[in-house]
Novice: 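Dropping the structure in here first, questions after.
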Amino acid sequence: MVGRSSSSECYRNRRYYFQHAKNALHAALKVGFIQVAQSKEIRQYFMRGLDIANKHIKIFELVFKEDKLNSPVSWQSMITSSTSMTFSDKYMMYQILLSTQLSISFYGSALSVNSRRDLGAHYIRLILELVQFAEDGANLMIKNGWLEQPPTASDRDSLANRKEK
């Protein structure tokens, strides 16, 4: 029937819409940060993040199109042309890392309640890509002294094979 759908289908569609709108917001954030970042290395990292965000947007736009649903509009046109430093590179890196970690958790949550194989495959691929991007961002922050290296696991083999006094 036209115009009628189950409540679970409506909920699922809202969740996909939210994911897509969130990706559009992340892309716009990266566009703005690229314009004002002081470090070339940080700008390049943000550009890589923008490429990832735009790729995710295209994937979800295809899903919406296949399901005959409207896609959210882009926020990128709302970004001004300003290049004056608004935030520090450290703060912008923190925001990008935080938004990337949130995306990973949202995708993981969506994957856990998803019953469509095609979307499950998308979520798994996208999570992997975001985890790699987040790790590179954390390493960049460590390199700049903006983040301490997280604790690592003890090397149990070397502890077990230590020489006795």
Side-chain angles (χ1 to χ4, degrees), residues 11-65 69-114 119-156 158:
Y11 175 74
R12 184 185 72 223
N13 291 341
R14 278 193 308 247
R15 193 172 56 242
Y16 300 148
Y17 188 89
F18 172 74
Q19 291 283 2
H20 189 57
K22 179 186 54 58
N23 285 334
L25 182 60
H26 287 206
L29 184 67
K30 289 173 181 104
V31 167
F33 285 177
I34 288 167
Q35 290 176 195
V36 299
Q38 300 298 300
S39 162
K40 181 179 178 184
E41 189 175 28
I42 301 296
R43 263 193 317 276
Q44 289 173 336
Y45 178 74
F46 291 162
M47 285 188 246
R48 181 176 155 217
L50 178 60
D51 290 342
I52 291 169
N54 285 330
K55 181 178 124 186
H56 291 205
I57 288 168
K58 286 179 186 172
I59 290 169
F60 283 103
E61 281 177 347
L62 287 173
V63 170
F64 273 83
K65 190 174 184 178
L69 297 169
N70 293 327
S71 294
V73 293
S74 170
W75 294 55
Q76 293 183 34
S77 64
M78 304 290 227
I79 305 300
T80 68
S81 59
S82 173
T83 57
S84 61
M85 186 176 161
T86 312
F87 303 110
S88 68
D89 285 356
K90 176 181 178 180
Y91 178 77
M92 291 185 292
M93 278 297 297
Y94 172 78
Q95 290 301 318
I96 293 300
L97 220 55
L98 179 63
S99 70
T100 301
Q101 292 164 342
L102 286 170
S103 290
I104 293 167
S105 73
F106 286 139
Y107 283 164
S109 177
L111 176 64
S112 72
V113 295
N114 178 45
L119 289 176
H122 286 313
Y123 286 133
I124 290 169
R125 276 193 355 264
L126 301 179
I127 288 170
L128 176 60
E129 185 174 36
L130 288 175
V131 166
Q132 292 168 340
F133 180 71
E135 180 181 11
D136 292 345
N139 288 334
L140 190 54
M141 290 185 75
I142 291 168
K143 176 182 166 188
N144 283 294
W146 300 333
L147 182 71
E148 291 182 19
Q149 182 169 348
T152 57
S154 298
D155 182 356
R156 300 293 175 196
S158 67

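As the structure is a computational prediction, the values presented were derived from the model and not from experiment.
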Novice: When rounded to the nearest 0.5 angstrom, what distance separates OH in Y107 from CG in N23?
Specialist: 3.5 Å
Novice: Roughly how far apart are F106 CZ and L130 CG, rounded to 0.5 Å?
Specialist: 12.5 Å
Novice: For residues I42 and N144, determine if any side-chain heavy atom of one lies less than 4.5 Å from a side-chain heavy atom of the other.
Specialist: yes
Novice: Is there a donor-acceptor pair closer than 3.5 Å between any side-chain N or O of S39 and the backbone N or O of A37?
Specialist: no
Novice: Step by step, would you call W146 with D89 a side chain to side chain contact (heavy atoms under 4.5 Å, CB included)?
Specialist: CA-CA 10 Å; W146 300 333; D89 285 356; 3.7 Å; yes
Novice: Which atom pair, heavy atoms only, marks the closest approach of A53 to K30?
Specialist: CB-NZ, 4.3 Å
Novice: Considering residues at least two apart in sequence or located in another chain, which fulfil the side-chain contact (heavy atoms from CB on, under 4.5 Å) criterion with D136?
Specialist: Y45, R48
Novice: Please determine whether side chain to side chain contact (heavy atoms under 4.5 Å, CB included) holds for the pair L147 and M93, giving the CA-CA distance in whole Å, both sets of side-chain angles, and the decisive distance to 0.1 Å.
Specialist: CA-CA 10 Å; L147 182 71; M93 278 297 297; over 6 Å; no
Novice: From T83 OG1 over to I34 CD1, what is the distance, rounded to the nearest 0.5 angstrom?
Specialist: 13.5 Å
Novice: Kindly give the heavy-atom pair with the smallest separation between I57 and A27, and that separation in Å.
Specialist: CD1-CB, 3.9 Å
Novice: Mind checking the CD-CG spacing from Q95 to L29? Nearest 0.5 Å is all I need.
Specialist: 7.0 Å
Novice: Taking all heavy atoms of H26 and all of S103, pick out the closest pair and write down the distance.
Specialist: CE1-OG, 2.9 Å
Novice: Given 3.5 Å as the limit, does a donor-acceptor pair link the side chain of S109 with the main chain of S105, or not?
Specialist: no
Novice: Go through it in stages, so that I can follow the logic: the residues are F133 and I96, the test is side chain to side chain contact (heavy atoms under 4.5 Å, CB included), and I'd like the CA-CA distance, side-chain angles, deciding distance and then a yes or no.
Specialist: CA-CA 10 Å; F133 180 71; I96 293 300; 3.9 Å; yes
Novice: Which value, rounded to the nearest 0.5 Å, describes the distance between H122 atom NE2 and N114 atom CG?
Specialist: 10.0 Å
Novice: Kindly check if the number of other-residue, nucleotide or ligand heavy atoms within 6.0 Å of CD (Q38) is above 12?
Specialist: yes
Novice: Kindly indicate, with the supporting measurements, whether the criterion side chain to side chain contact (heavy atoms under 4.5 Å, CB included) is fulfilled by E129 and I52.
Specialist: CA-CA 8 Å; E129 185 174 36; I52 291 169; 3.7 Å; yes
Novice: Once you round to the nearest 0.5 Å, how far does CG of N54 lie from CD of E61?
Specialist: 9.0 Å
